[in-house]
Amino acid sequence: MPYSVDIDRKWQKKWADTGLYKFDPNKEGEKLYCLEMFSYPSGANLHLGHWYNYSLTDSWSRMKRMQGYNVFHPMGFDAFGLPAENYAIKTGIHPQDSTFKNIETMEKQLREMGATFDWDYELATCTPEYYKWNQWLFIQLYNKGLAYRKNAPVNWCDKCKTVLANEQVIDGKCERCDSEVVKKNMTQWFFKITDYAQELLDCLPDLDWPEKTKKIQTNWIGRSEGSQVAFTVEKDGEILKDENGEPLKLEVFTTRADTFMGVTYVVVAPESELCSKLTTDECKAQVDDYKLFTSKASDIDRMSTTREKTGVFTGSYAIHPLNGRKVPIWTSDYVIAAYGTGVVMAVPAHDERDFEFATKFGLDIIRVVASKEGAEDELPYCEKKGVLVNSDEFNGIEMHAAIDAIVNKLATMGMGHKTVNYRLRDWLISRQRYWGTPIPMIHCEKCGVVPVPEKDLPVLLPYDVEFTPDGESPLAKCDSFMNCKCPKCGGDAKRDPDTMDTFVDSSWYEFRYPDNKNNDAIFDKEKIKKLLPVDKYVGGPEHAAMHLLYARFICKAMRDMGLIDFDEPFKSLVHQGIILGPDGNRMSKSRGNTVAPDEYVAKHGSDVFRTYLAFGFAYTEGGPWNDDGIQAILKFTRRVEKLAEDVASIKDSDISKIEMGKDEKELNYVLNYTIKSATFDIDRFQFNTSVARMMELINAINKYQQLANAKPQLVRYAAEKLILLLSPFAPHMTEEIWCETFGNEYSIFNQKWPSFDESALVKDEIEIAVQINGKVMFKVDIPADADQAAVEAQVKADERLEKALAGRSIVKFIYVKGRLANIVAK
RNA sequence: GCGGGCGUGGCGGAAUGGCAGACGCGGCAGACUCAAAAUCUGUUGACCAUAAAUCGUGCGGGUUCAAGUCCCGCCGCCCGCACCA
């Protein structure tokens with residue numbers, strides 16, 4: 001029966017009926033956990049990106065199965081999230097209803113892809129069975145001090161009256177109403193990922209991840225070595241005191257402690273709490289105006305580098321600990337509250353931003369570093385080399401040495417020390433949204449914040465909720481949800497009305513798959529020990545800084561809770577590229593350049609589509625879709641089927657007894673070369689070249705077939721190997737050929753992956769190029785094992801050499817074994 | 001602005017410093033056919049009537065017996081971060 005979508009259905013049914021892909025943890029073979037990033041269940045059918053990710057990773061895992069690994073390959077759904085909620089606001093269809101319906105559709109489609117997923121291990125994050133453990137994990141983090149509440153500036157859309165997730169802010173605008181997003185201070189839950197900043201950095205080098213992704217994480221974490229130095233503050237003519245009655249230390253982070261003697265003012269971020277504390281009554285009005293001004297400034301404005309500096313004086317002064325100088329404290333939005341201490345010491349002579357600010361507001365500029373003693377470099381002089389000037393006792397000290405000298409001096413006064421600062425911020429996980437995991441915390445007037453006892457988990461997400469956004473969490477309006485008893489004192493209390501960021505759901509799901517039905521624990525430690533970490537993780541590069549960082553953090557936190565005993569969740573990571581529309585642009589409905597897999601699959605079958613995806617692109621690059629490529633694969637599959645029919649009647653594939661002549665050796669060489677390189681290429685996710693090698697193999701077989709004295713056993717033998725090699729890409733078609741055309745035993749996927757014979761790859765004679773000064777002049781056949789002397793002798797004896805030399809004489813003879821010979825001639 | 005990646009025929013794309021363009025699409029020519037489609041065979045970087053020669057991996061330099069590959073400087077595109085103190 002020629003290959004079609006009917007063949008797909010036939011074998012999909014048989015595979016399911018016979019449980020071919022059921023995972024047995026006790027089966028022989030080294031365990032291999034192969035995981036694709038699970039997907040969001042959208043209403044539409046699987047798109048090209050899903051196919052590209054899932055079908056080819058499936059091909060990889062199929063080869064691994066055949067190589068004898070005990071492959072665990074689960075699939076599930078990242079089912080909480082905003083799209084379903086927004087869809088509900090628009091249509092009135094409840095997120096739960098639309099989500100479960102979408103999951104059903106996607107499951108069906110994923111089955112039709114013909115992947116090896118074991119659906120017994122499926123999970124969906126929106127089920128209470130899953131999010132119960134999300135809540136449990138939250139409480140463990142809380143108990144460990146890794147989940148805490150604080151007041152922080154968040155993205156706020158004033159038109160939608162709601163907080164927005166970072167990913168909902170597109171170029172500083174709300175994705176839904178397109179109005180500008182501003183910062184607003186709100187009390188939110190955070191996960192203390194910053195506790196792990198250094199370890200997240202330290203473990204990166206040993207991961208088998210794309211270097212680019214590691215770089216993105218490195219930058220995101222943003223380690224910066226510097227010093228923390230402190231000033232005292234004079235407000236209204238008096239030294240400002242802290243809550244203990246000690247003089248308040250205004251601490252700043254700097255990488256340039258060498259310029260400390262050049263500080264002429266200090267800047268505090270307007271959002272910082274310190275700002276209010278430092279502002280004098282006299283200046284309060286202008287500072288408040290300025291705060292309002294910056295809170296209104298959109299991210300777009302603030303991000304602009306051409307934007308002119310703004311700011312106002314707070315009325316207070318910082319007192320320089322080394323020279324006693326009194327410098328004004330300003331507030332300006334060029335200082336970011338969340339980075340460092342939210343306060344900057346300004347050295348306009350040696351910092352461009354400070355220079356611009358000081359120039360605009362007429363603040364002092366004092367040179368303290370010169371490229372060499374006495375030099376009058378143009379200011380600002382920002383080079384990190386030179387010696388100190390105008391710095392009293394530090395004059396003449398080389399800039400790097402001066403950092404140590406100054407910090408040491410400050411340290412003796414308790415006013416400074418070396419430190420490391422990270423750009424990474426704690427992970428804000430509260431969301432004022434409905435369709436997510438309720439935060440399992442209770443607010444009691446008497447007892448404060450109290451975690452929900454484990455026996456009361458899960459805190460169920462109520463179904464009947466008014467979720468139109470109006471600035472309040474939808475759950476806050478649901479009395480039956482909100483009102484509860486305090487677990488500690490039994491008095492009336494309120495639940496936390498927020499839900500968790502859906503990145504929390506996906507930050508540990510890889511741990512739940514192997515034990516997805518466990519009602520008593522998040523997972524069984526022994527099961528996890530057997531299967532994790534994930535050996536191969538495949539998904540888009542867009543998750544480099546978010547999901548992949550969060551998942552690493554949660555893994556480390558789990559380890560420190562004693563749940564697991566390894567450091568990293570994903571040993572090896574691959575990113576698939578992006579398939580663009582035929583016009584070379586990103587596919588989008590508005591552009592009208594989308595390609596729907598369904599049409600192709602219905603017409604040609606899953607295998608043709610899968611094999612095209614393998615062949616038509618460099619996997620990690622992606623690229624524009626091209627319909628013509630499908631035709632190439634159709635042709636190839638027809639040739640494969642034709643070959644299979646040709647050899648169907650040949651029952652003998654024993655090649656050990658046939659005489660291996662030149663042609664046989666040649667075909668055998670191609671066969672073994674194909675096995676070797678296709679295996680290697682599939683292993684490293686370079687599917688296009690592995691399919692190319694198979695095309696070469698069928699070319700060679702067809703050529704050999706046409707010989708009058710072709711040995712049928714060899715043809716059959718080579719054809720069987722080809723079918724095995726192709727099976728990961730075209731599972732249905734090759735199963736059909738294997739069982740029906742060849743009459744072999746079910747299933748091809750219980751067969752061993754072909755191995756190659758190294759001796760077949762050793763040729764007696766090879767052709768090499770002879771170059772003169774790097775240019776190919778002619779070619780010679782030489783014995784493959786010839787050494788340089790032998791090759792040199794043979795080439796020198798060649799009659800073509802004299803003409804090629806054209807009167808020049810040989811200076812040097814280089815033979816690169818098996819490659820070429822190069823003659824240096826003058 | 002900083003950091004990273006990429007740039008190869010008409011197209012998708014191959015090339016551990018070692019014969020650039022594997023494999024395929026498309027084109028051209030031929031076979032089969034009344035014809036077309038399909039299939040098969042050959043051919044296909046540019047220049048050139050042909051061969052030879054020459055030129056060819058964004059541009060300009062360099063290292064090397066040998067550079068798409070390594071180094072330096074540009075240009076273009078993409079991605080990440082972005083007043084990070």
Side-chain angles (χ1 to χ4, degrees), chain A residues 210-220 222-224 226-227 229 252-257 259 266-267 269 299 302-309 332-336 338-347 350-354 356-357 421-425 541-542 544-545 578 584 612 615-618 620-636 638-639 642 677 681 686 688-699 702-703 706 767-779 811-825:
Chain A
E211 288 305 319
K212 189 179 174 173
T213 305
K214 295 197 217 176
K215 188 79 184 175
I216 287 172
Q217 293 215 343
T218 305
N219 292 343
W220 190 270
R223 184 190 153 97
S224 172
S227 318
V229 297
V252 308
F253 176 77
T254 179
T255 55
R256 293 295 306 272
T259 63
V266 166
V267 193
D299 279 6
R302 261 187 103 153
M303 283 188 309
S304 166
T305 44
T306 55
R307 184 163 175 257
E308 204 177 321
K309 297 262 181 297
S332 169
D333 63 7
Y334 84 88
V335 173
I336 295 157
Y339 187 78
T341 59
V343 188
V344 163
M345 62 175 223
V347 187
H350 305 290
D351 182 284
E352 282 182 27
R353 296 153 304 184
D354 298 343
E356 187 193 335
F357 192 84
N421 194 49
Y422 299 89
R423 205 190 67 97
L424 182 71
R425 300 174 203 177
E542 66 275 16
I578 297 163
Y612 171 58
F615 179 67
F617 309 86
T620 55
E621 301 294 317
W625 176 263
N626 179 4
D627 261 358
D628 296 335
I630 284 274
Q631 297 305 318
I633 297 301
L634 266 177
K635 195 168 144 185
F636 174 59
R638 275 199 293 261
R639 291 179 69 195
K642 170 83 168 41
S677 36
D681 287 347
Q686 195 168 304
N688 54 348
T689 47
S690 66
V691 176
R693 296 293 89 80
M694 294 176 209
M695 288 173 168
E696 284 170 356
L697 176 57
I698 200 169
N699 287 343
N702 286 164
K703 202 169 152 193
Q706 280 157 30
E767 185 190 65
I768 61 156
V770 178
Q771 300 180 331
I772 291 179
N773 294 337
K775 287 186 181 170
V776 179
M777 303 312 282
F778 56 93
K779 296 183 179 179
V811 177
K812 197 175 173 187
F813 188 96
I814 298 154
Y815 172 57
V816 184
K817 195 161 194 320
R819 296 282 184 175
L820 51 65
N822 189 19
I823 296 166
V824 186

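Quick note on labels: first sequence line is chain A, next is B, and so on, each numbered from 1. Being a predicted model, the structure only gives us computed values, none of them experimental.
Counting non-hydrogen atoms under 4.0 angstrom, A:Phe636 reaches nothing in the nucleic acid.
The C1' atoms of B:rC19 and B:rA14 are separated by 15 Å, rounded to the nearest whole Å. Separating the C1' atom of B:rA22 from that of B:rG13 is a span of 10 Å, rounded to the nearest Å.
Closest to the A:Asn699 side chain, of the nucleotides B:rU16, B:rC23, B:rA85, is B:rC23. Comparing B:rU39, B:rG80, B:rG24 by their closest approach to the side chain of A:Lys635 singles out B:rU39. Closest contact between the side chain of A:Asp333 and the listed nucleotides B:rC25, B:rC83, B:rA15 involves B:rC83.
In this structure, A:Lys703 places its NZ atom 12 Å from C1' of B:rU41, rounding to the nearest Å. When the P atom of B:rU64 is taken as reference, atom CG of A:Leu820 falls 19 Å away, rounded to whole Å. Here the C1' atom of nucleotide B:rA66 and the CD1 atom of A:Ile772 are 14 Å apart, to the nearest Å.
In this structure, A:Val267 and A:Val343 have side chains that are not in contact, with every pair of non-hydrogen atoms separated by 4.5 Å or more. In this structure, A:Gln686 and A:Asn688 have side chains that are in contact, with non-hydrogen atoms separated by less than 4.5 Å.
Salt bridge present: A:Glu696 and A:Arg693 bring a charged side-chain N and a carboxylate O closer than 4.0 Å.
With hydrogens and angles left out, the side chain of A:Asn822 and the base of B:rC65 share a donor-acceptor pair within 3.5 Å.
Nearest heavy atoms, A:Phe617 versus A:Gly623: CE2-O, 3.6 Å.
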